[in-house]
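Working notes, structure below.
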Protein chains: 2
Amino acid sequence: MIRENDVSRNLHEQLSLMIANTESGQRLPSEPKLAAVLGVSRASLREAMRTFETRGLLQRKQGVGTFVIHPSNVFETGLETLSSLETIAEQLGLEVSLGDMEICRQVVDRDLAETLELPEGQDILTVSRVILSHDRPVAFLEDNLPVDVINESEVRTNFTGSVLDMLIRRDDIPLASSKCQISAIGATPEIASALDIQRHDPLLVFSSLLFSTRGRIIDSSFSYFLPGYFHFHIVRRVGGQI
Amino acid sequence: MIRENDVSRNLHEQLSLMIANTESGQRLPSEPKLAAVLGVSRASLREAMRTFETRGLLQRKQGVGTFVIHPSNVFETGLETLSSLETIAEQLGLEVSLGDMEICRQVVDRDLAETLELPEGQDILTVSRVILSHDRPVAFLEDNLPVDVINESEVRTNFTGSVLDMLIRRDDIPLASSKCQISAIGATPEIASALDIQRHDPLLVFSSLLFSTRGRIIDSSFSYFLPGYFHFHIVRRVGGQI
DNA sequence: GTCTGTCAATTGTCTGACAAGTGTTTTCCC
DNA sequence: GGGAAAACACTTGTCAGACAATTGACAGAC
């Protein structure tokens, strides 16, 4: 897991709290004052502020001050960080459960071998399952992992609904980030039956690749979401740089 | 427009180039060396590196070094920053053009008044148009703006296909960020006819709110994309903090 | 009334230093 | 000779203090 030093960690939390409690457009105290209040050096404070500036939550003007920008009142429930559906649901106070699940070891097809950067003929583990909310199917998830990353028996014993959470719990492969491609499709017959909807009903699709810190692709997943049950959003900064 | 100081700007570009030219998993030179090479102080360099760390492109380990993480070879064409379709298309070398367009001044309905935080009964300007790629309709865009932000005649004379680009060109309202909600729907009869597809065909939808730096909502837009013609992606960091 | 120079406040950048963590090499003891 | 401990080199993390660049407000001259 990602670990940080204490100063940086506390500083980040405190600053996050301070930003959350400041109205949009209001000015923060000046850097020297803020550094004194938070008990850190100005350099460390500035580095922490950079992270919020990068996310578009702060704007700094030389000679004037630093201002808070709230894209909305909801604070950071978007797609910027990768969390499992279960974790997101827990944070939002929603109830989700695991529906039908299928675990299947098979030889990769050519497309998947290419995306996973595996030699052809190698085995992968495919985990597909339905996510329920109040007993209604709302999502269909499929993960494809090389067998040397994870073995079948481990999944059968340790799986709680999320491949990501399982990998995080294991802690042996340092995960870095996920590249997620967003699209829409009409439901295929298989998915339509799994989600209890009509064929060709519109679905939101996330095609994701999960990368380790060494750049290896750990997981190729496809997530199909029923529109209306999830509110995914991202904050996009205006302007090219930073 | 967002403006930066020269040091920061050049530093950011050079660092970006250096990261792009470093293989995933490889180590960067140490901070003192890198600062010397780039001709800046270590403090400034560290601030710049923070922005890349925040985006998940760098990982720092105390006592070891700083490592580059490439989610993929494609560098930064995702949804993290807000650009017009025209700008994106230009960067990717695609050809897009403006199809049927409609500009309409009307009284806000209740829903839109709420999202735009306007008093009921006020006028807004609605700009809707079709985007073509090689003469094939690929997207349907609708922008809703308060009339005091933009007036009808200005749109009719200055519009080149993108409301965002027009607002950026004008430079009188400092834009901060956009909150974009992602979903999928089946095409309505109007959109189906505009895009020359069947009713209920799946479409990717972005519902966006554009915020000024003072927190005011400048634009509420709905973008409908034909699947397959656009490859939107985002990079999601694993782990909660930073 | 308008313009201009001054001044205080703020962020941007730099320098140098020390603390803390990591991996390697050397030394010392058995 | 072998293994453990210590020393070392190198890295990032943090700090203190200083000066530059920019901005906005205010007072004074015209």
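Residue numbers start from 1 in every chain, and the chains themselves are labelled A, B, ... in the order their sequence lines are given, proteins ahead of strands. These numbers come from a predicted model, not from an experiment.
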Handout entry: Separation of C:dC14 P from A:Arg46 CZ (nearest whole Å)
Key = 11 Å
Problem - Close side-chain approach of B:Val107 and B:Asp123, heavy atoms under 4.5 Å - result: yes
Problem - Among C:dT11, D:dT12, C:dT13, the nucleotide that comes nearest once only the side chain of A:Pro32 is considered - result: C:dT11
Practice task
Say whether, by atom type as modelled, one donor and one acceptor occur between the side chain of A:Thr54 and the main chain of A:Arg50 under 3.5 angstrom.
Solution key: yes
Handout entry: Closest contact, heavy atoms only, A:Glu86 versus A:Gly161
Key = OE2-O, 3.3 Å
Completion exercise
Taking D:dG13, C:dC14, D:dA20 as options, the one with an atom nearest any side-chain atom of B:Ser44 is C:dC14
Completion exercise
Here the salt bridge (charged side-chain N to carboxylate O under 4.0 Å, His left out) pairs for residues 21-32 of chain A, sequence neighbours left out, are A:Glu31-A:Arg42, A:Glu31-A:Arg46, A:Glu31-A:Arg60
Exercise for the section: With the side chain of B:Ser30 defined as its heavy atoms from C-beta on, choose the nearest nucleotide among C:dT11, D:dT12, C:dT15. Expected result: D:dT12
Practice task
Between D:dC15, C:dT13, D:dT23, spot the one nearest the side chain of A:Val64, thanks.
Solution key: D:dT23
Fill in the blank from the handout: Separation of D:dT11 atom P from B:Gln62 atom CD, nearest Å, is 14 Å
Practice task
Mind calculating the distance between CG (B:Leu28) and P (D:dC10) to the nearest angstrom?
Solution key: 19 Å
Exercise for the section: Measure across A:Ser183 and A:Leu204 and return the closest heavy-atom pair with its distance rounded to 0.1 Å. Expected result: O-CD1, 3.5 Å
Can you tabulate the close N/O pairs, meaning under 3.5 Å, that link protein atoms to atoms of nucleotides 4-7 of chain C?
none

Exercise for the section: Round to the nearest Å and state the distance from B:Lys61 atom NZ to C:dG21 atom C1'. Expected result: 13 Å
Problem - Selected nucleotide, minimal atom distance to B:Arg60 side chain, candidates D:dT14, D:dT12, C:dT13 - result: D:dT12
Handout entry: A:Arg27 side chain, from C-beta outward: closest of C:dT10, D:dT14, D:dT12
Key = C:dT10
Exercise for the section: Between A:Ser41 and B:Gly63, just flag the one whose closest nucleotide in DNA chain D comes earlier from the 5' side. Expected result: B:Gly63
Handout entry: Residue pair B:Arg105 / B:Ile124, side-chain heavy-atom distance below 4.5 Å
Key = no
Completion exercise
Taken to the nearest whole Å, CG/B:Leu34 to P/C:dC14 is 13 Å
Detail all sub-3.5 Å separations between protein N/O atoms and N/O atoms belonging to nucleotides 17-19 of chain D.
from, atom 1, to, atom 2, distance (Å)
D:dA18, N6, A:Arg42, NH1, 3.3

Completion exercise
Closest non-hydrogen contact found for A:Leu34 with A:Pro29 is CD1-CG, 4.1 Å
Exercise for the section: State, with a plain yes or no, whether a side-chain heavy atom of A:Leu58 is found less than 4.5 Å away from one of A:Phe67. Expected result: no
Handout entry: N/O (side chain, A:Thr66) to phosphate O (OP1/OP2, C:dT10) under 4.0 Å
Key = no
Completion exercise
To the nearest angstrom, the CG-C1' distance between B:Leu45 and D:dT12 comes to 11 Å
Exercise for the section: Indicate yes or no: at least one non-hydrogen side-chain atom of B:Leu210 is less than 4.5 angstrom from one of B:Asp143. Expected result: no
Exercise for the section: Give a yes or no answer on whether the side chain of B:Ser178 reaches the backbone of B:Cys180 with a donor-acceptor pair at less than 3.5 Å. Expected result: no
Problem - d(CD, B:Glu31; C1', D:dT12) in whole Å - result: 5 Å
Handout entry: Protein-nucleotide distance (B:Gln59, atom CD; D:dT12, atom P), rounded to Å
Key = 13 Å
